[in-house]
Amino acid sequence: MSSESSKKRKPKVIRSDGAPAEGKRTRSDTEQEGKYYSEEAEVDLRDPGRDYELYKYTCQELQRLMAEIQDLKSRGGKDAQAVEIEDRRIQSCVHFMTLKKLNRLAHIRLKKGRDQTHEAKQKVDAYHLQLQNLLYEVMHLQKEITKCLEFKSKHEEIDLVSLEEFYKEAPPDISKAEVTMGDPHQQTLARLDWELEQRKRLAEKYRECLSNKEKILKEIEVKKEYLSSLQPRLNSIMQASLPVQEYLFMPFDQAHKQYETARHLPPPLYVLFVQATAYGQACGECEAGREEGLWEQRPRPGGTGSTACRGKLPGPAQKPSAHRKSSQPPRQDKMLSVAIEGSVDEAKALFKPPEDSQDDESDSDAEEEQTTKRRRPTLGVQLDDKRKEMLKRHPLSVLLDLKCKDDSVLHLTFYYLMNLNIMTVKARVTTATELITPISAGDLLSPDSVLSCLYPGDHGKKTPNPANQYQFDKVGILTLRDYVLDLGHPYLWVQKLGGLHFPKEQPQHTVITDHSLSASHMETTMKLLKTRVQSRLALHKQFASLEHGIVPVTSDCHYLFPAKVVSRLVKWVTIAHEDYTELHFTKDIVEAGLAGDTNLYYMALVERGTAKLQAAVVLNPGYSSIPPIFQLCLNWKGEKTNNNDDNIRAMESEVNVCYKELCGPRPGHQLLTNQLQRLCVLLDVYLETESHDDSVEGPKEFPQEKMCLRLFRGPSRIKPFKYNHPQGFFSHR
Amino acid sequence: MEVFQALQRLHMTIFSQSVSPCGKFLAAGNNYGQIAIFSLSAALSSEAKEESKKPMVTFQAHDGPVYSMVSTDRHLLSAGDGEVKAWLWAEILKKGCKELWRRQPPYRTSLEVPEINALLLVPKENLLILAGGDCQLHAMDLETGTFMWALRGHTDYIHCLALRERSPEVLSGGEDGAVRLWDLRTAKEVQTIEVYKHEECSRPHNGRWIGCLATDSDWMVCGGGPALTLWHLRSSTPTTVFPMRAPQKHVTFYQDLILSAGQGRCVNQWQLSGELKAQVPGSSPGLLSLSLNQQPAAPECKVLTAAGNSCRVDVFTNLGYRAFSLSF
């Protein structure tokens, strides 16, 4: 209760707190105020023991008064008692006042005590702190002392020269023997001085050496730079010498690189490569001479074979060399360029394990046969894999680019089938100018057929190696024919170029690659290839006109035909081989075996008036050395073929057998055009010379305009089909 | 060049045949001027191989086609491109093919050399009669090799000749459609039959030309543009017209038959009455010459051979069927 009251009064107390200072100052000024605030001072004056006695006494008095009031009240007399009670109440109030005072005093005393304790405590704390600081300082100093005591001088680590050595070597102004002998400190200093001196000297030396080294390094650097700058200069010299090399026909550089690669070629391709390169070089030399000299001598070589021409050629070996070369302009393009394609690494990898794989294969073969039944589902896949393995080609291939005069290029890629030991070729023709492809010329330049039958009967569909058939049987390949599109064609001449010679009938035979075989075929084959491309391109051009019904007779062939030709070509279409064989008038050709499926077939229609002449044409891939073959069927007053009309037969023979005079200028690529034009002329002659039937009224449909010596000749009553050029009349052959 | 050879064979026409005097060999001449000698005895023998059906010798005789050949008892005479050449059979068989002599009838100058379509031997007079492109019959004395006379009359070239043995008369048929009879003794024209003017046999759409002739005493058979017709010479009347549409190129009497051939594969055998006795197909699309080997020296080689628009000579051992073909 008392604490609560004290709290309630706290502000007062505070005010009294602040007041006492004022009070103290003002005590002398105002007694009244001093009294009010002097309780604090009063506390100092009063004895707590007595206050306690007073308190006890007051409490007893109160208790007694209370008890008397209690007693009076319980006795009950009202009036008298009330005065007594009032009296007593007043007395109690006084006592209470005393109690209150005492309480306040106690509070002040408590506060005072507290303040005192606090003050004392603060003092103690300050002292304690000071003590601690001091203790710390002591500790630190102790530590420093130990540190100092434990300090090790650097010089102790330095290896000094021994004493004797020092006195022997050091100059006296450093050693100062008289001072230092006795004093070890001075001695150590002197020794250190000496050490320093020596080290300085050594450092100087070291720097010198370093700079020396730097210099030498720089020198090396310069020299290195010089060397490295030499390489590009050499290269540039090499580069610059290339034209000179070319000019002098000495392509050492390329050749060297190629030879490097060529070492990894399989033997047949290597033979081919070597021979082709050799031929290319020899050709490059003699080509120019040929073009200048030979053609001029023979402005229009008629039907003479190419062999005669070849005989006249200066052989590559007989060519006079340096003198001649230097007088020629540099050839920009070689007729034949040889390159190697493919990954050399693969080829190398192939070379390492030559035998293992094959052994494995044969082993697995045996195994497989034993377990065929169990493994049936996978058999097909295995066979497939084996087929692939068997038809695998060597990663390297040889690329030949054969350039013709009109800048069209025949690209030949030769492959080697390692497991079959045959070579194949893929061909592609590029021309200098874009070609408009006539519909009927579809197959002319297709890679599949462009080289077919380069040599008679060489279709390139069958494997030339008889041993292959056995290999095929093993893996279930019927013929190579199904794979040629993918692999290239294994023409016989390709084998020969690769020096592979296969006997015709003997089944198993060791096949070795032979340079001489390749060499003997190289020139002929290259010429044939060139001719083939040119003839195909020529045909291509001709077809483009023929399809529009124009027979493109060139000006140098005009002398073969009369000026006026009335019959016109109206149709030129390609037909299928089967369609050709089914025509009724082509039986003879089919029976004679001249209508193989490698040939191309066409149907021409020549018209004049009501007469329609159908001509079925067989175009041999060997055009133009092998002429196109015409079979005729004339629809005019009934159907006439070689079976029922000798003159139709004669006309066929005129174009088919007497084709040589129609070849035109060498190399005779105009043959087809000329044959067709000739056919038109023949039809004119046939129609105009047909004897007039007297019984029929009216004029002849075809009045005779051609000048003929005689209309018929010989038992077969052949018409005058032969045209005599300058005079322009027709006679019999 | 294989193709070229195949083409040549394909377009070959065998114009003429002649059997050697010994009867064992047959010469055939083609349109390329080649003459091939076949050994009939080898081809007919029982051990004949394919080889024996090929010519034993082939040689280039003329530049142009060999239209006609005859054999004397020692020589083979061939003609075609305006010249007649003689070859010794004995030498040919030894494969030495060198011409013995060559003669050219005296032609009037012309732009082209007329061909010789027919040769005819007149054994009694030792004469060779040549006829062809220049519309004349030239008579050459085989003894001296001189041309004795020429018979003019045809207006177009002459296709064929035939000899009437008994009265020495020669018949000639030509492109002008006339068959003329010439008397050898007087060297004059005796008779002219203009076949195309007779309606029975005239076929204007085929032309007038007479392609073949054969005689037997008073009978003559001729054909060509007009139908094949049997004529009685003395009365100059057609007695039988044979119903054959295709123009005939060769006709001959054989026993009591007439054999004819021409356009078409068959050798036709006719009765004199005009009935077709048989048609025996051969291998050529058209036939130009028939040859009957009737040499008494080689009875085993008695065959009929037929040749024409192919490189094959069909051999008929009897008249019924083709036994095999000889081939160039």
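Every chain is numbered from 1 and lettered A, B, ... according to where its sequence line falls, protein lines coming before strand lines. Note that the structure is predicted; figures quoted are calculated from it, not measured.
- Residue B:S289: no heavy atom, backbone or side chain, is found under 4.5 Å from chain A.
- When heavy atoms are compared at a cutoff of 4.5 Å, B:R9 does not approach chain A at all.
- Residues in residues 715-733 of chain A take part in these salt bridge (Lys or Arg N to Asp or Glu O under 4.0 Å) pairs, two or more places apart or across chains: A:E654-A:R733, A:E661-A:R733, A:E690-A:K719, A:R717-B:E175.
- With respect to chain B, the highest number of heavy-atom pairs below 4.5 Å among A:N642, A:D588, A:N644 belongs to A:N644.
- Here B:D176 pairs with B:R180 in a salt bridge; the nearest charged N to carboxylate O distance falls below 4.0 Å.
- Within the 4.5 angstrom heavy-atom criterion, only backbone atoms of A:D645 (N, CA, C, O) approach chain B.
- Among A:A592, A:G714, A:S731, the residue with the largest count of heavy-atom pairs under 4.5 Å with chain B is A:G714.
- The pair B:K54-B:E50 does not count as a salt bridge, with every side-chain nitrogen at least 4.0 angstrom from each carboxylate oxygen.
- The number of heavy-atom neighbours closer than 6.0 Å to CD of A:Q727, taken from other residues, nucleotides and ligands shown, is above 12.
- For B:L10, the parts lying under 4.5 angstrom from a heavy atom of chain A are both the backbone and the side chain.
- Atom CG of A:N635 has more than 12 heavy atoms from other residues, nucleotides or ligands within 6.0 Å.
- Residues B:H198 and B:Y196 place their aromatic rings such that the two centres sit no closer than 6.0 Å.
- Proximity to chain A is limited to the side chain of B:Q263, based on heavy atoms less than 4.5 angstrom apart.
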